[in-house]
Protein chains: 2
Amino acid sequence: MSRPAPTPAPGPGPAARTPTAATPTAATGRAPSPRGRRTARPSGDERELAILTTAERLLAEQPLTAISIDDLARGAGISRPTFYFYFASKDAVLLALLDRVIAQVNATARTVLDDVGSDPATHWRSAIRIFYETFREHRTVVVAAAALRGSHSEGRRLWAGVMNLWTGRTAAAIEAERARGAAPDGIPAHDLAVILNSTNERVLYGTLTGDGPAVPESTVVDSLATVWLRAIYGTTTPAGR
Amino acid sequence: MSRPAPTPAPGPGPAARTPTAATPTAATGRAPSPRGRRTARPSGDERELAILTTAERLLAEQPLTAISIDDLARGAGISRPTFYFYFASKDAVLLALLDRVIAQVNATARTVLDDVGSDPATHWRSAIRIFYETFREHRTVVVAAAALRGSHSEGRRLWAGVMNLWTGRTAAAIEAERARGAAPDGIPAHDLAVILNSTNERVLYGTLTGDGPAVPESTVVDSLATVWLRAIYGTTTPAGR
DNA sequence: CGAGCCAGTCAACGCGGTGTTGAGTGAAGG
DNA sequence: CCTTCACTCAACACCGCGTTGACTGGCTCG
């Protein structure tokens, strides 16, 4: 009964070490122990962080399903029941990890992409590059999260949120380009934005995991950028014969 | 010890009911009982089929992880140990299901797409439509298989095979179009093929599951076709300002 | 300063799912 | 008839999960 109540973020603890960087992100586990912990007793945060880094390390070698909670606990130097004091489940750990990645990609994107773009080509290209770099840097987490998405509703929701944000921005940018007469109509801007962002997600995933046919790392960004430009600015094709 | 030896396909049984339609597809489970069964004692095949249909039925309501082997066995009117006589694991069942879908999409595609195309636009469009129809018809299996792909190496391999086949065809068709001067260069044909097929996979998945931002069912095929045409035939963009 | 609270910890338990063993049964078939 | 072989299942061993309940040691407040 000493479990922390469903209070997500009580106040700024002394140490600035809080791992879950941004986004509200509800807890994962069914019932009992939601994510956060109340006070800032130092050892506590260290443990939480130890769990996260252990998870990231193990994920580099094996899929989430092959990692037991006991592995995570041992890796962090605690017992299995103690693990549950910090996280409600394995999934919750991965979700916390994913939170950090999402926060980073969003933050980076904001600093670079706020201007609509004097030169559209480089504008779109740099947006793609940011996605690529962040995915690449945290590939283990991203790959594991993609797997989670298939079976875990909370994971799906989280990912859907990210995609919504990005397709929203993309759609707005496309509409702006259309408004100034630079891009043709033909597909609703929102749908086109969904398609292009889906493309990035799937292609980058394939390139970074390397299963199935994939685009080589050295040229993914350029190839994707070319497809984006053609899809956004290209006319509906003469398709001659 | 009466378990069937690792013989995948011994000879054509009397009944033409063999469920695993095409592709060699090694067994899934770690060690003991690989997929097939030897002779054609009728009750045997019926059982195997009963398991498959039960799986497909249950998948319509719940994810694979929520389905226990006992559910499958009971649904087919057998006990749990007996289940293992037919399949090595839950995953093997899904893989068998997926085999059928793959065989169907490949077969359908072959009948429709063999000619290079008098009218490119409709050619590409009908290729996309076939994918869409088949995905749609077996959406539960496809969705479950996509989830499996994240954690199961055999599932990954199977899916990679399909994608290889399709990107190969697409790349060949693109190169043919380039050869006759109808399409420009700019991206290696193979890479473009990978990108476009990845796009289809991800977008159709999103549309059929409905999580995250998605393209409406009524227009997916058209929108995708437009993107394909622009990506294949569009020039590298004037991108003016 | 002593009482009490509270973050933090873990041995031990119960549960549900998995895969295996070993003993059967009944129909073909020599 | 007696063997063989496809097929079946009760019972078992095992593992990972999530929970309980008891314990500890530092902090705070009367």
Side-chain angles (χ1 to χ4, degrees), chain A residues 1-5 7 10-11 13-15 27-51 58 62-93 151-152, chain B residues 1-5 7 10 13-15 27-51 58 62-74 76-93 151-152:
Chain A
M1 288 306 158
S2 64
R3 294 283 158 60
T7 330
T28 309
R30 287 78 95 94
S33 61
R35 194 115 112 260
R37 222 185 38 282
R38 197 83 47 72
T39 65
R41 280 254 252 110
S43 62
D45 278 0
E46 282 164 25
R47 292 269 133 100
E48 186 163 340
L49 214 137
I51 294 175
L58 293 181
Q62 46 194 322
L64 188 67
T65 45
I67 300 175
S68 76
I69 289 184
D70 205 56
D71 295 337
L72 258 26
R74 263 191 232 291
I78 56 179
S79 74
R80 207 165 53 80
T82 299
F83 168 93
Y84 286 99
F85 184 82
Y86 294 99
F87 293 94
S89 67
K90 249 192 298 186
D91 297 346
V93 177
S151 61
H152 190 68
Chain B
M1 285 310 156
S2 62
R3 294 284 158 58
T7 331
T28 310
R30 285 81 93 94
S33 61
R35 197 113 111 262
R37 219 184 43 281
R38 198 83 47 74
T39 66
R41 279 251 254 112
S43 62
D45 278 0
E46 282 165 25
R47 291 270 135 99
E48 186 164 338
L49 215 136
I51 294 175
L58 293 181
Q62 46 195 321
L64 187 68
T65 46
I67 301 175
S68 76
I69 289 184
D70 206 56
D71 295 337
L72 257 27
R74 261 191 235 291
I78 57 179
S79 74
R80 208 164 53 79
T82 300
F83 168 92
Y84 286 99
F85 184 83
Y86 294 99
F87 294 95
S89 66
K90 247 191 299 185
D91 297 346
V93 177
S151 60
H152 190 68

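Nothing here was measured: the structure is a model prediction, and the numbers come from that model. So that the names make sense, note that chain A is the first sequence line, chain B the second, and so on, each numbered from 1.
- Applying the 3.5 Å distance criterion, the base of D:dG16 shares no donor-acceptor pair with the side chain of A:Arg80.
- The CD1 atom of A:Ile67 sits 11 Å away from the P atom of D:dC17 (whole-angstrom rounding).
- At least one donor-acceptor pair closer than 3.5 Å links the side chain of A:Lys90 to the backbone N or O of A:Ile67.
- The distance between atom CG of A:Asp71 and atom C1' of D:dC17, rounded to the nearest whole Å, is 13 Å.
- Note: CD (B:Glu48) to P (D:dA6) measures 14 Å, nearest angstrom.
- Here the nucleotide nearest the side chain of B:Pro81, chosen from D:dC9, C:dG19, C:dA11, is D:dC9.
- Listed by chain and number, the residues in a side-chain hydrogen bond (donor to acceptor under 3.5 Å, both in side chains) with A:Ser79 are A:Thr82 (sequence neighbours excluded).
- When the P atom of D:dC9 is taken as reference, atom CZ of B:Phe85 falls 12 Å away, rounded to whole Å.
- Nucleotide D:dC7 holds its P atom 11 Å from the CD1 atom of B:Ile51, rounded to whole Å.
- Inter-residue side-chain proximity for B:Phe87 and B:Glu48 is flagged as met; some heavy-atom pair is nearer than 4.5 Å.
- For B:Tyr86, a side-chain nitrogen or oxygen approaches OP1 or OP2 of D:dT8 to under 4.0 Å.
- Residue B:Arg47 places at least one side-chain N or O under 4.0 Å from the OP1 or OP2 atom of D:dT8.
- Listed by chain and number, the residues in a salt bridge (charged side-chain N to carboxylate O under 4.0 Å, His left out) with B:Asp70 are B:Arg74 (sequence neighbours excluded).
- Between the CZ atom of A:Phe83 and the P atom of C:dT9 there is a distance of 13 Å, given to the nearest Å.
- Across all strands, A:Ser79 comes closer than 4.0 Å to base atoms (heavy-atom distances).
- Taking atom CZ on A:Phe87 and atom P on D:dC17, their separation rounds to 15 Å, with Å as the unit.
- Here A:Thr82 lies in heavy-atom contact (under 4.0 Å) with a base.
- Rounded to whole Å, atom C1' of C:dG16 lies 12 Å from atom NZ of B:Lys90.
- Here the CG-CG distance, from A:Leu64 to A:Asp91, works out to 6.0 Å after rounding to the nearest 0.5 Å.
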